[in-house]
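This report refers to the structure that appears directly beneath it.
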Amino acid sequence: MDSIIVEGLTKYYGDLCAVDHVSFTVEAGEVFGYLGPNGAGKTTTIRMLTGLTRPSEGRAWVAGYDIVKETLEVKRRIGVVPEVSNLYDELTVWENLEFISRLYHVPRAERHRRIGELLKLFDLWDRRDTRFRRLSRGLKRRAVLAAALVNDPEILFLDEPTTGLDVVSARSLRGLVNRLRGMGKTIFLTTHYIEEADQLCDRVAIIVCGRIRAIDTPENLKLKAGVKSILEVELSDRPPASLLERLRGLEVEVEGRQLRVHTDNPQMLLRLLVEEVGRSGLTLLSLRSRSPTLEDAFIKLTGLSPEVMRREKGV
Amino acid sequence: MRLRDELEGIYAILLKDLKAYYLKPPNISWGILFPIVLALAFTLRNPRGLRDLAPGLVAMAALFGTTSMEAIVVTFEKRVGALERLYMAPLTYTSILLAKVLGGAVFGGFISAVMTLLCVTLLGMHISHPLLYVGGLALSLIALSSLGALIAFSVREVFEAQTLSNYFRFPMIFLCGVFIPVGSLPLPLRVVAYMLPLTYTVELLRASTLSPSTCPLLDLAILTLFSAVFLLLTHRAMGRAYG
């Protein structure tokens with residue numbers, strides 16, 4: 001069953017087309033990644049799906065409800081973690097969650113029990129009486145995630161959840177997202193961190209300039225992009241001409257005594273290398289095999305450098 | 001069920017705004033000091049005739065009380081993205097707007113109550129029609145707070161809201177009949193005066209403290225109309241942000 005159905009969703013801001021006729025579906029219980037650089041249209045898509053911005057064209061259903069005609073029904077069934085941690089600085093963590101639970105009409109009898117459970121789940125119980133503004137950035141993100149769950153939503157929208165977090169906090173937050181997956185929540189996640197999409201998502205849509213370039217599982221995206229495994233070799237001397245001759249036809253990069261060979265058959269290449277290195281009287285100092293990553297596929301599919309995406313976000 | 005949800009949402013936002021912004025110690029002390037300073041300034045300048053001026057002082061307290069903090073609250077929440085937190089919730093824009101207007105009205109009501117207390121105890125103001133006084137003041141607070149909301153939702157920055165508020169507030173103070181009776185103003189200014197909600201607030205408060213000079217029902221009706229127009233325009237401004 002599909003939790004989210006999107007058909008030709010489009011958003012214009014004046015003459016600028018921020019999202020250009022995107023279509024996709026997200027299955028119930030799936031973690032769906034929406035990956036793209038700054039200004040690709042990720043946040044605009046999430047804003048349309050969560051009822052914060054009206055689409056210019058196209059239709060979408062979230063939890064079975066039309067995002068334009070039945071916006072309130074959609075909002076009842078979703079939780080949103082925006083890019084900015086926008087809880088209330090002057091309220092404590094508990095007061096913030098209590099306020100949000102009132103906005104989402106959580107029955108009074110359930111309210112405190114649910115808030116308590118969430119604070120414990122997110123390791124915030126000891127900080128429940130701390131004002132939101134006094135929390136670290138990582139704890140703020142956790143509190144915002146907890147706030148998005150007070151209404152026990154079917155679908156969770158996470159907009160760049162780990163942006164600006166240190167490595168430890170980001171890893172901890174990813175762990176929490178994985179736990180939510182285990183609880184059967186459908187998760188729609190936008191990110192510009194390719195490795196995050198690779199680790200967390202069942203399927204990934206790559207969006208560039210408002211258009212979806214590819215949608216598939218991370219593994220299939222790597223296959224589709226035709227990205228090969230890489231064997232990195234360090235020799236005791238510069239590689240001899242005979243070795244390079246044997247590698248003709250493969251994508252080979254030589255840097256001094258180091259060789260980087262792209263291959264779709266690492267096992268055969270390894271055998272060949274060992275044989276040829278031994279014959280030429282050299283020694284193999286180190287050998288490293290690297291499987292293709294989603295980052296490799298992303299570069300192939302979009303022509304963009306992941307460095308550009310990181311720089312745009314100032315990380 | 002839907003109506004109960006909306007009312008619960010309005011109540012939750014109102015309580016949150018009071019706790020997070022309006023009832024902070026600096027605001028409470030301002031709410032007490034502002035009427036005292038205003039009353040004292042007029043007492044020192046002209047100790048006689050203050051009973052006539054007293055309803056005008058209450059009206060001014062209502063105007064500043066409703067529009068000042070509300071503009072800061074709304075524009076601040078806009079800037080930090082906290083207003084969007086409300087838009088994410090399953091609540092209509094109408095409920096969010098009413099909650100914000102009520103927040104401004106409650107704070108304005110607090111300052112007006114302090115001013116009323118000062119006027120009654122120190123300046124000898126006598127409220128001959130308490131029901132009309134309370135009803136008229138409450139309706140004025142809603143109308144003025146709706147005007148404050150219209151300004152706050154139409155701009156982006158706090159300073160823009162304050163500047164725009166002053167464009168409305170200062171002409172209102174001088175034209176609403178507190179210092180110069182509206183009837184003695186030149187015709188063009190009289191027309192402007194009757195287009196300002198504060199004029200009707202002053203008339204209503206005068207009618208409930210002194211002898212009624214005009215029909216208070218007409219003032220009540222006009223203030224209701226002002227409230228409705230300001231609320232409709234603000235709702236449209238909120239909708240434009242969604243578009």
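Note: hydrogens, waters and symmetry copies are ignored here, and every other heavy atom, side chains too, is used. Every chain is numbered from 1 and lettered A, B, ... according to where its sequence line falls, protein lines coming before strand lines.
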Next item on the list: Compare every heavy atom of A:V80 with every heavy atom of B:R85, then report the nearest pair and how far apart it is.
Entry: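 Scanning both residues completely, I find the closest heavy atoms to be NH1-O, 4.2 Å.
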Next item on the list: Please name the pair of heavy atoms, one in B:G9 and one in A:L103, separated by the smallest distance, quoted to 0.1 Å.
Entry: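 So the two residues come closest at O-CD2, 4.2 Å.
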Note to self: Heavy-atom cut-off 4.5 Å, strictly under: side chain, backbone, both or neither for B:S95 against chain A?
What the structure shows: neither
Notebook entry, point to check: Which answer fits B:I10, side chain, backbone, both or neither, if we ask what part of it has an atom under 4.5 Å from a heavy atom of chain A?
Noted result: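 For B:I10, there is no contact with chain A at all, as no heavy atom is under 4.5 Å.
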Side chain from CB out, backbone as N, CA, C, O: work out which of these in [X] comes under 4.5 Å of a heavy atom of chain B, or both, or neither.
| X | value |
| --- | --- |
| A:I78 | neither |
| A:L91 | side chain |
| A:Y88 | side chain |
| A:R131 | side chain |

Would you say that more than 12 heavy atoms from the other residues, nucleotides or ligands in this model lie under 6.0 Å from the [atom1] of [X], or not?
| X | atom1 | result |
| --- | --- | --- |
| A:R113 | CZ | yes |
| B:R236 | CZ | no |
| A:R174 | CZ | yes |
| B:M195 | CE | no |
| B:L131 | CG | no |

Notebook entry, point to check: Looking at A:R77, A:E73, A:H105, which hits side-chain contact (heavy atoms from CB on, under 4.5 Å) with B:P90?
Noted result: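 Result: among A:R77, A:E73, A:H105, A:H105 is the only option passing the side-chain contact (heavy atoms from CB on, under 4.5 Å) with B:P90.
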Separation between [atom1] of [X] and [atom2] of [Y], rounded to the nearest 0.5 Å:
| X | Y | atom1 | atom2 | answer |
| --- | --- | --- | --- | --- |
| A:E90 | B:K16 | CD | NZ | 11.5 Å |
| A:R102 | B:I13 | CZ | CD1 | 11.5 Å |
| B:Y87 | A:T53 | OH | OG1 | 11.5 Å |

Notebook entry, point to check: Counting distance only, does the side-chain N/O of A:N86 pair as donor-acceptor with the main-chain N or O of B:A82 below 3.5 Å?
Noted result: no
Note to self: As a quick check of understanding, evaluate side chain to side chain contact (heavy atoms under 4.5 Å, CB included) for A:Y104 and B:M88, giving each step before the final call.
What the structure shows: CA-CA 10 Å; A:Y104 281 83; B:M88 286 174 192; 4.0 Å; yes
Salt bridge flag under 4.0 Å for residues [X] and [Y]:
| X | Y | result |
| --- | --- | --- |
| B:K19 | A:E95 | yes |
| A:R47 | B:E84 | yes |
| A:R76 | B:D5 | yes |

